[in-house]
Amino acid sequence: NDTSMQHRNLNHMTREERFSEAMRRTLYALKVLLPREGWTPVGPEMKYLARAIKEFTFIIHAGVFIPCIMSYGTNEQIAKWFPLAADFRIIGTYAQTELGHGSFLRGLETIATYDRANQEFIINCPKITAMKWWPGDMGKSANHVLLMAELVIDGKKYGMHGFMVQIRDLTTHEPLPGVTVGDIGAKLSFESVDNGFLYLQNVRIPRENLLSKLSEVHPDGTYIKKGNQRLMYGSMVRVRVNLIAHEIVMPLAKACTIAVRYSAVRRQGLINPSKEEVPVLDYVAQQHKLLPQVATVFMAHFAAKQLVKMHHDYSLEVEKGNTSQLPELHALSAGMKACLSEQGAAGAEIVRRACGGHGYSCGSGLPFIVNRMLATCTYEGENTVMQLQCARYLIKCADQAKKDKLTGSVWYLSDFSNMSCTAQTFGDLQEPSVLVKLHERRAKCAVQHAGKKMQNMVKNGTPAHDAWNMMATLLINAARAHIMQYVVGTSVTYISELSCSASLKKILTQLCALYALHNINSNCGDFVKFGCLTSAQCDLAQEAEFNLLKQLRPDAVGIVDSFDFTDDILQSCLGAYDGNVYERLFEWAKQAPMNKTEVHQDSYQYLQPYLHEGRDVLEGRGRNSKL
Ligand SMILES: CCCCC/C=C\C/C=C\C/C=C\CCCCC(=O)SCCNC(=O)CCNC(=O)[C@H](O)C(C)(C)COP(=O)(O)OP(=O)(O)OC[C@H]1O[C@@H](n2cnc3c(N)ncnc32)[C@H](O)[C@@H]1OP(=O)(O)O
Ligand SMILES: Cc1cc2nc3c(=O)[nH]c(=O)nc-3n(C[C@H](O)[C@H](O)[C@H](O)COP(=O)(O)OP(=O)(O)OC[C@H]3O[C@@H](n4cnc5c(N)ncnc54)[C@H](O)[C@@H]3O)c2cc1C
């Protein structure tokens, strides 16, 4: 209710206005509204920020830079930098990606060379491809970066390490000597974020600025490893775990709220010729577009909660020096981020398109969501790379399953019980336990199929790395299948253990079955190929899905209302709670900057001569053309 938090119409603002407005609003929220005893910007309140602000800034500062200080810094370094960063007295970003490399981290080219005489690191981007490119908050906001660079001592390379580097003067905010920094220009989305470039040339930092929780350099240049070097990748795991809730579940829920509410209001066409025009939500085709996406919101939310818990438990173990869970967590977080961002981004576009022409208007609020969700498929690990990372772990586990009984998220790879499906009716296929088993069997077969193909190629003399490359598509499918069985399995468990009313549990169970059946029907080739379902059972699976659409239709609006987004956050003429779509669209259009004058003089000057000729012809004073 604080007017300082109300959003102006973002679509009618320039990018620079949106950048400034997001900064003003974020700092107002984080420095005025939210702070109270013991609060920090990495606490639970941050999830409300992502709910309460349509465009905020300092995502990388709060979501990556600060957590990295905690993950990679020694206690002294945390004590020095965390309070400054948490209180926004320094603004940082996570500078890893370069103009020439983003996925292949071993290819990063920025170098940090130890200068023993001065006990400093000399930071250099030796060529243009080494320039840091993309980091959020870096172009104009940050005065520090957590720079990921190759450590070099006496000509020997030690791999990627994290360095705290100041890039702007703390008084003037001007770039420091040796620093070339700026905004990378217009992007598909994130208009309010200054993703930047950073070119460092002979920038010197003290030895103490190497974040030294996992390794350190002594004054004489001796390098000491202090833990599992894979933990250097830990920041990416944490962001992948966290971004599912913030950047996939939340935006998809907003898009579904808009599209379902609009579909309940928009009347178009007839089903029964003798009756009146119907709300488009009455078309089964429209339900088939929208309701599985609503189900995805819930299932992704439940699975993400389980992943966050797993990451929390893992973090406690790491504090005790036990990093044994890291490979599984890395594989699961990489796979979940890739598969759910793929589903979420595609789902947001499906529901946008289901809103017809008004879905193409920025006044619907949907293009903003769709464009922003597209980025989730690329940042924090490009999806293909992430799926292959997940597959790498699955193939290893499938080999191990031949001799050991596996546990954790891959337990089903060593489950050799009879998994054939005995479903005789579409009701049988709505049973949660049947759906879970089907997904486990499909995943197990997909992993084994990819593994077998590669083994046969290697047996026939193909080098392992070529076999891996040639079977990449099967490996990606195996990763997707693994994640789908994880999402369905964890959701079924979560719902069964939820203490809630029977009516709510019924709805959630229906949504879970709808999600699982929609996935089966969208991938029935796999389910038949791997002997999970017969062709007749595939027909039953389709019938089961259509039956759920019919059962859920009456509650569709109530379900999206339960996401409880304010009109100010949705910023949608189509999705406002009062359903006054047309009045809102007209009012919104009238506010467009193009309409601030009746005649748009800048363009009219070009048109005017021809219009006056036309006027003269029509008023009998001019000659018509020969056209
Ligand atoms: C104000 C509100 C705040 C709230 C916000 C909260 C959340 C929202 C946050 C963000 C959303 C908004 C903005 C977007 C932020 C985006 C930030 C970024 O994009 S940062 C840059 C991200 N970059 C990447 O993710 C790079 C991806 N590439 C890689 O990770 C690497 O290439 C690679 C996958 C590691 C592969 O490299 P390499 O070839 O060296 O490795 P392999 O040989 O394949 O594997 C070696 C070995 O290492 C293991 N491994 C790989 N990665 C990890 C890891 N992350 N953790 C642990 N282990 C890892 C791998 O499994 C292999 O092990 P083994 O099989 O045993 O050999
Ligand atoms: C909105 C946004 C915000 C970002 N914020 C940050 C940030 O704050 N900090 C930061 O450091 N970075 C940030 N990034 C950068 C992001 O992490 C990288 O873009 C991402 O890691 C992908 O790397 P790349 O762009 O170099 O693509 P590349 O690695 O060049 O990949 C290009 C394409 O090649 C293919 N490919 C690559 N490797 C493989 C492989 N092994 N197997 C098969 N195919 C492959 C894939 O199709 C991929 O899409 C951001 C990016 C975006 C879009």
Side-chain angles (χ1 to χ4, degrees), residues 22 26 29-30 41-43 45-53 55-68 92-108 129 132-138 142 145-148 159-160 184 187-190 193-196 198 228-248 250-251 314 323 325-331 333-334 337-338 341 371-372 374-393 395-396 465 468-469 472-473 475-476:
T26 304
L30 295 176
V42 287
E45 287 86 353
M46 290 313 281
K47 66 182 176 190
Y48 298 116
L49 191 74
R51 250 186 106 79
I53 296 188
E55 272 194 336
F56 45 82
T57 193
F58 302 141
I59 299 172
I60 309 306
H61 170 77
V64 192
F65 177 70
I66 293 178
C68 277
T93 185
Y94 181 75
Q96 175 176 287
T97 302
E98 297 174 351
L99 202 52
H101 287 88
S103 294
F104 186 58
L105 298 187
R106 285 182 281 165
L108 293 176
T129 49
K132 294 300 179 184
W133 192 279
W134 271 114
D137 304 332
M138 187 163 83
V145 296
L146 204 166
L147 182 84
M148 307 309 277
M160 186 174 80
I184 62 171
K187 310 179 292 286
L188 187 58
S189 67
F190 284 100
V193 179
D194 52 323
N195 298 82
L198 177 67
N228 180 339
Q229 296 308 295
R230 293 278 164 79
L231 292 174
M232 265 320 284
Y233 290 146
S235 137
M236 293 178 275
V237 173
R238 183 185 52 255
V239 174
R240 288 166 194 155
V241 168
N242 288 330
L243 74 83
I244 295 170
H246 288 280
E247 301 294 327
I248 299 172
M250 189 95 66
Y314 152 78
T323 59
Q325 286 308 305
L326 183 53
E328 163 140 16
L329 182 65
H330 162 51
S333 55
K337 178 267 177 191
S341 62
N371 289 345
R372 188 177 168 111
L374 290 173
T376 61
C377 298
T378 302
Y379 63 52
E380 211 56 61
E382 196 280 329
N383 279 358
T384 303
V385 174
M386 293 298 102
Q387 283 157 340
L388 290 170
Q389 283 291 306
C390 180
R392 177 183 179 127
Y393 179 71
I395 295 298
K396 281 188 174 178
H465 55 262
W468 177 269
N469 186 33
T473 310
L475 291 162
I476 290 163

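First listed ligand is number 1; within each ligand, the first listed atom is number 1. These values consider heavy atoms only, across backbone and side chains, with no hydrogens, waters or symmetry-generated copies.
Polar contact with ligand 1: absent for L243 (N/O pair, distance under 3.5 Å). Ligand 2 has an N or O atom lying under 3.5 Å from an N or O atom of Q96, backbone or side chain. For a threshold of 3.5 Å applied to N or O pairs, the pair formed by Q389 and ligand 1 contains at least one separation below that value. In terms of polar-atom proximity, defined here as any N/O pair under 3.5 Å, W133 makes no such contact with ligand 2. At a 3.5 angstrom cut-off on N or O pairs, Q96 counts as close to ligand 1. Taking only nitrogen or oxygen atoms, main chain and side chain alike, T57 does not reach within less than 3.5 Å of ligand 1. The distance criterion of under 3.5 Å between nitrogen or oxygen atoms is met by G136 with respect to ligand 2. For ligand 2, the polar-atom distance check finds an N/O of T97 within less than 3.5 Å of one of the ligand's N/O atoms. At a 3.5 angstrom cut-off on N or O pairs, K396 counts as close to ligand 1.
Both the backbone and the side chain of E380 come within 4.0 Å of ligand 1, counting heavy atoms alone. Heavy atoms of F56 found under 4.0 angstrom from ligand 1 belong exclusively to the side chain. Heavy atoms of I60 found under 4.0 angstrom from ligand 1 belong exclusively to the side chain. Residue contacts with ligand 1, taken as heavy atom pairs separated by less than 4.0 Å, involve L326 solely via side-chain atoms from C-beta onward. The proximity of L105 to ligand 1, defined as any non-hydrogen pair under 4.0 Å, involves the side chain as well as the backbone.
Near T384, the atoms of ligand 2 lying under 4.0 angstrom from a non-hydrogen atom of the residue are 43 (C), 44 (N). Close approach of ligand 2 to E380 (heavy-atom distance below 4.0 Å) involves ligand atoms 17 (O). Of all atoms in ligand 2, listed by their number and element, those nearer than 4.0 Å to a heavy atom of I60 are 8 (O). Against a heavy-atom cut-off of under 4.0 Å, H101 is close to the following atoms of ligand 2: 26 (O). Close approach to G102 involves these atoms of ligand 1, each under 4.0 Å from a residue heavy atom: 26 (C).
Closest protein heavy atom to atom 25 (O) of ligand 2: T378 CG2, 4.8 Å. Here the heavy atom of the protein found nearest to atom 3 (C) of ligand 2 is N195 ND2, 3.6 Å. Protein heavy atom closest to atom 9 (N) of ligand 2, with residue, atom name and distance, is Y94 O, 2.9 Å. The closest protein non-hydrogen atom to atom 42 (N) of ligand 2 is L388 CD1, 3.6 Å. The single protein non-hydrogen atom nearest to atom 46 (C) of ligand 2 is E382 OE1, 3.6 Å, given as residue, atom name and distance. Counting protein heavy atoms only, atom 36 (N) of ligand 2 is closest to V385 CG2, 4.4 Å. For atom 52 (C) of ligand 2, the closest heavy atom belonging to the protein is W134 CE3, 3.6 Å.
Counting all heavy atoms, side chain and backbone alike, T93 lies closest to G136 at OG1-O, 2.5 Å. Closest heavy-atom contact between E380 and K337: O-CE, 4.0 Å. Here the closest heavy-atom approach between residue S341 and residue N383 is recorded as OG-ND2, 2.9 Å. Taking all atoms of both residues into account, the shortest heavy-atom contact from V241 to S333 is CG2-CB, 3.9 Å.
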Evaluation steps, side chain to side chain contact (heavy atoms under 4.5 Å, CB included), between K132 and V145: CA-CA 10 Å; K132 294 300 179 184; V145 296; over 6 Å; no
Checking V237 against Y314 for the side chain to side chain contact (heavy atoms under 4.5 Å, CB included) test, could you report, in this order, the C-alpha distance in whole Å, the side-chain angles of both residues, the deciding distance, and whether it holds? CA-CA 11 Å; V237 173; Y314 152 78; 5.5 Å; no
Step by step, work out the side chain to side chain contact (heavy atoms under 4.5 Å, CB included) result for F190 and I59. CA-CA 10 Å; F190 284 100; I59 299 172; 3.9 Å; yes
Pair Q96-W134, side chain to side chain contact (heavy atoms under 4.5 Å, CB included): steps then yes or no: CA-CA 9 Å; Q96 175 176 287; W134 271 114; over 6 Å; no
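Within the 4.0 Å cut-off (strictly below), a protein heavy atom is located near atom 7 (C) of ligand 2. Per-atom contact check: atom 50 (C) of ligand 2 touches the protein, criterion being a heavy-atom distance below 4.0 Å. Distance check for atom 16 (C) of ligand 2: a protein heavy atom is found below 4.0 Å. Per-atom contact check: atom 30 (O) of ligand 2 does not touch the protein, criterion being a heavy-atom distance below 4.0 Å. Distance screen at 4.0 Å: atom 34 (O) of ligand 2 has no protein heavy-atom neighbour inside the cut-off.
With sequence neighbours left out, T378 forms a side chain to side chain contact (heavy atoms under 4.5 Å, CB included) with no residue at all.
Nearest to atom 38 (P) of ligand 1 by heavy atom, out of H61, R240, E247, R106, is R106. Proximity annotation for atom 32 (O) of ligand 1: of S103, A375, G159, S103 comes nearest, heavy atoms only. Taking each of Y233, Y94, F104 in turn, the one with a heavy atom nearest to atom 53 (C) of ligand 1 proves to be Y233. Across G196, S189, A472, G102, heavy-atom proximity to atom 24 (P) of ligand 2 is greatest for G102.
Between the side chain of E382 and the main chain of V385, a donor-acceptor pair closer than 3.5 Å is present.
The closest approach between a heavy atom of E382 and any atom of ligand 1 is not below 4.0 Å. Not a single heavy atom of P327 lies less than 4.0 angstrom from ligand 1.
Ring geometry for H61 versus F58: interplanar angle over 60°, hence perpendicular rather than tilted (30 to 60°).
L198 CG to W133 CH2: the interatomic distance, rounded to the nearest 0.5 Å, is 11.5 Å. The CG atom of L388 lies 4.5 Å from the CD1 atom of I476; values are rounded to the nearest 0.5 Å. Once rounded to the nearest 0.5 Å, the distance linking CG of N195 with NZ of K187 reads 4.0 Å. One distance of note links CD of Q387 with CG of L475; it measures 10.5 Å at 0.5 Å rounding. Summarising the geometry, atom OH belonging to Y94 is positioned 15.5 Å from atom CD1 belonging to I66; distances are rounded to the nearest 0.5 Å. Distance check, rounded to the nearest 0.5 Å: NE2 of H246 to OG1 of T376 gives 14.0 Å.
Under the side-chain hydrogen bond (donor to acceptor under 3.5 Å, both in side chains) criterion, the residue pairs touching residues 231-242 are S71-R238, with sequence neighbours excluded.
Side chains of Y379 and L243 form a contact here, defined as non-hydrogen atoms less than 4.5 Å apart. Between R372 and E247, the closest side-chain pair of non-hydrogen atoms falls below 4.5 Å.
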